[in-house]
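Taking it in order: structure first as structure tokens, then the write-up.
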Amino acid sequence: MTESTNFDWRPFLLRWSEEWADSLTDDDVRNADDLAARRARWLGLPPATEEQIVALEQRLGRRLPPSYREFLKVTDGWRHAGGFVWLLAGTADAHWHENESELAEIFAEGLDEDTDHDQRYEVDIWHRGLQLDVESDAVYVLMDPEEVDEDGEWTVYTWASWSGDIPQPHGSFWDFMQGMHREFHSLRSGDGDEAAPEFTNDTTRRLDDQVAEARLTALRGDWQQALRMLDEAKEYGRPRATGLGDQIRRLLGETYQVSFDGLAADARYASEVLPPLVADHAEHSYGDDSTLRFSLHGADEELVSLAYATLEQVRDLTYRYTAAGPFGVAVERARALAREADTDGAWRTLRAALPQWEPLGPDHIVPLGWVADPLLGPLWTAERGRELLATPRGGQVGVAPPPTAGLDHEGLDWLADSEPHEEPAPYRFVLVEGVAPDEMPGRLADEATEVAGASGGRVGGGRLSAPMNREEAYRGARDDLQEFSSFADRALMAVGRAGTGWTFAFDGDPAEFHRPRFVSPAAATSAGTRAVVVWSGLRTRHQEAFCHVSVAADGVEQYAFTYLAGEVQTSGEIPPALDPARFFGDPTGPTDPAATAASERALLVALADEFGVTLPRHAIRYGRLPMFVSRSWTRPPRDGEGYLVFQRTRTTDLAPLRVCLAVEDPADAEPANAERADTHAATPEVRRPEGDA
């Protein structure tokens with residue numbers, strides 16, 4: 001803006017005054033000045049003369065910013081700027097604040113040499129700001145003469161003692177007044193006073209039309225434009241704007257303060273709105289479920305009961321999203337694919353069916369309930385949320401976006417990559433050819449081995465659990481197990497498809513590798529087919545680098561090799577593509593992290609090529625998969641070997657304690673595998689060998 005810019009103050013202020021006068025009840029008139037303003041339909045005062053403006057500038061020693069200067073030429077002050085500033089200063093009352101409120105000392109508490117620029121401004125504004133509030137509800141309005149933009153506009157700061165917020169900036173006096181007009185509208189639109197006149201005017205009608213157009217814009221896939229339109233209407237307090245905008249924000253991942261406004265209290269939209277609402281509550285409630293009612297303001301008791309029932313399902317991982325029509329059919333197909341670890345296929349299925357999706361009513365613009373589904377929810381990423389929002393749907397026509405890239409990389413080599421800010425971790429997996437995922441427990445598990453998952457579902461027992469992630473499965477396992485052996489190494493394994501014709505069982509948090517006691521499950525798993533076992537800890541920092549590969553067919557191990565401590569042990573006829581000399585040819589083995597990662601990656605590529613297998617990265621790291629507890633990967637104790645068994649007792653109310661146990665193996669004088677357990681109290685017992693513990 002420049003000094004000559006026409007700020008259009010008069011038509012803007014006239015419209016505001018008329019809207020204010022039409023919205024008043026008799027109780028809203030505070031004094032004779034308000035009564036006069038209502039009759040005149042004008043919140044302003046007589047305009048300031050050029051002489052008055054110049055006199056103010058001379059008194060201040062500064063030329064006023066352009067928008068405030070032009071404002072004074074229209075009205076020398078203003079009544080009811082928003083809801084909490086009752087009189088705004090003109091030429092007579094504007095003055096330097098000079099910390100007369102003594103707030104600078106309060107804002108300065110805790111500041112030091114490391115305090116950033118913005119925090120210092122919060123202190124300095126009380127010393128140098130030009131105060132514009134004359135009468136208010138403990139609200140300060142200060143213009144900063146040191147924070148000036150290229151057009152000469154001063155930043156305006158507002159702060160209310162009762163808000164708890166930091167001073168809020170406005171780019172100019174013009175921006176400040178626009179904001180106060182929005183605040184006035186927002187308060188009038190939502191005051192709920194049945195005695196007040198209907199708050200309808202040219203501004204509200206324009207914005208309500210804009211909300212209706214924003215809905216169609218969103219359904220056509222232009223979610224950015226739709227959100228801009230809805231956000232403007234939301235700032236004016238227009239109904240529907242928040243509920244529609246929150247649907248977009250939820251799929252962008254902006255879950256903070258997403259409430260869906262009145263939609264949460266409307267039974268028509270319960271199947272789509274309640275699941276994400278209660279899922280976000282479950283994640284952030286910290287056990288206090290009473291706060292859920294605040295998000296359901298206006299809902300009847302039946303809807304509140306449904307919300308709490310849905311909350312229980314979400315926590316128990318039993319919630320299942322459903323939808324009508326062709327999109328609902330695709331939802332079921334996507335759930336089946338996600339259950340078998342094909343998360344990319346599941347997403348493509350949902351995305352392809354989205355144009356056939358139909359909203360539940362006029363305030364519904366996108367499917368939402370799926371984000372709370374334990375199988376479909378992990379498909380979400382911010383990029384996928386944008387892809388879904390950009391897809392035309394609900395009978396509207398638009399340009400479909402290009403598909404997002406898949407998240408499940410082909411092959412196995414992604415296992416050589418660590419997540420950002422995470423240490424490299426060991427892993428192990430079993431691949432079995434030509435079997436379905438639900439057959440894996442029968443090949444790898446003991447029938448009697450069973451623990452509870454976090455949702456109460458069983459993990460183990462010769463069958464797959466309900467889908468859950470590793471944390472959920474471990475939580476239940478720790479709570480359920482009553483006995484822990486220092487000899488057993490029963491892996492908690494997630495199951496899914498490993499490409500065409502193969503199924504995997506994966507353990508991303510294995511116990512410590514102990515070669516003298518390790519027994520590969522390949523042979524026992526391969527009856528009537530082929531099985532591949534891989535256990536790698538090449539990059540772990542907490543134990544010596546190691547790697548094991550074994551391949552079996554029809555119940556017989558065909559070949560195997562183990563790299564440990566710079567040595568390679570082999571058995572059987574290893575195919576040239578998997579010759580360990582290709583990866584561990586140096587007798588000392590890879591010595592630096594880059595070389596180790598390269599060796600690991602080369603081996604994983606060779607394994608993928610040799611067997612035509614792949615492991616789904618996104619499903620394993622972020623999804624929920626069926627699980628089971630495998631039989632022990634270690635041999636039973638030999639004659640003369642002792643071992644520890646810790647039995648849980650509940651003689652104390654102390655919080656669970658993680659305990660690491662180790663026993664000395666007399667047969668080979670090497671430490672036995674460390675077994676971990678969460679327990680209230682544990683009583684150790686030394687047993688003599690009677691088979692596998």
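Values below: all heavy atoms of this structure, side chains included; hydrogens, waters and symmetry mates excluded.
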How about Thr255 and Glu283: do any of their side-chain heavy atoms sit closer than 4.5 Å? no
Quick one: does Val533's side chain get under 4.5 Å of Thr525's, heavy atoms only? no
Going by side chain to side chain contact (heavy atoms under 4.5 Å, CB included), Phe504 matches just one of Val430, Leu625, Val532. Which one? Leu625
Can you confirm whether Val329 sits close enough to Arg333 that some side-chain heavy atom of one is under 4.5 Å from a side-chain heavy atom of the other? yes
Cationic N near anionic O, under 4.0 Å, Asp417 to Arg617: no
State plainly whether the residues Glu301 and Arg293 are in salt-bridge range, i.e. N to O under 4.0 Å. yes
For the residue pair Asp261 and Ser259, confirm or rule out a side-chain donor-acceptor distance under 3.5 Å. no
Verdict with supporting geometry, Thr404 and Glu383, side-chain hydrogen bond (donor to acceptor under 3.5 Å, both in side chains): CA-CA 7 Å; Thr404 55; Glu383 186 179 16; 5.4 Å; no
Salt-bridge contact Arg320-Glu332 (side-chain N to carboxylate O under 4.0 Å): yes
Any luck finding a side-chain donor-acceptor pair between Ser295 and His297 under 3.5 Å? no
Measure centre to centre between the rings of Trp633 and Trp535, then say whether the value is under 6.0 Å. yes
For a side-chain hydrogen bond (donor to acceptor under 3.5 Å, both in side chains) check, start with the C-alpha distance between Arg228 and Gln225, then their side-chain angles and the critical distance, and finish with the verdict. CA-CA 5 Å; Arg228 285 190 289 269; Gln225 176 62 16; 2.9 Å; yes
Under 4.0 Å between a Lys/Arg side-chain N and an Asp/Glu carboxylate O for Asp554 and Arg530? no
Indicate whether the side chain of Glu312 and that of Tyr319 have a donor and an acceptor atom separated by less than 3.5 Å. no
Just checking, is any N or O donor in the side chain of Asp408 or Thr343 under 3.5 Å from an acceptor N or O on the other one? yes
Salt bridge check, Asp342 against Arg497: does any charged N sit closer than 4.0 Å to a carboxylate O? no
Kindly state whether the ring of Trp347 and the ring of Trp370 have centres lying under 6.0 angstrom apart. yes
SB check Asp344 Arg384 (cutoff 4.0 Å): yes
I'd like to know if Arg250 pairs up with Glu272 as an ion pair, taking the criterion as any Lys NZ or Arg NE/NH1/NH2 lying under 4.0 Å from an Asp or Glu carboxylate oxygen. no
Check ion pair Arg335-Asp373 (N to O, under 4.0 angstrom): yes
Report yes if the side chains of Leu317 and Arg624 come closer than 4.5 Å at any heavy-atom pair, otherwise no. yes
Salt bridge present between Arg428 and Asp509 (N-O < 4.0 angstrom): no
For the backbone of Ala218 and the side chain of Arg393, can you confirm whether one donor and one acceptor N or O come within less than 3.5 Å of each other? yes
Do Asp489 and His514 get their side chains close enough for a donor-acceptor pair, meaning under 3.5 Å? no
Counting C-beta onward and ignoring hydrogens, is there a side-chain heavy-atom pair between Phe518 and Ser520 closer than 4.5 Å? yes
Could you pull out the closest heavy-atom pair between Ala473 and Met627, with the gap in Å? CB-SD, 3.4 Å
Is there a side-chain contact between Arg268 and Pro362 (heavy atoms, below 4.5 Å)? yes
Scan side-chain atoms only and decide if Thr318 and Gln313 contain a donor-acceptor pair under the 3.5 Å cut-off. no
Quick one: are Thr381 and Leu407 in side-chain contact, heavy atoms under 4.5 Å? yes
So CD of Glu213 and CG of Leu216: to nearest 0.5 Å the spacing works out to 5.5 Å
Taking all non-hydrogen atoms of both residues into account, name the closest pair between Arg215 and Pro359 and its distance. NH2-CG, 3.9 Å
So do Trp414 and Arg621 actually touch side chain to side chain, heavy atoms under 4.5 Å? yes
Tell me if the CD atom of Glu610 is crowded by more than 12 foreign heavy atoms within 6.0 Å. yes
My understanding is that only residues two or more places apart in sequence, or in another chain, count here; which of them pass ring pair (Phe, Tyr, Trp, His ring centres under 6.0 Å) with Trp223? none
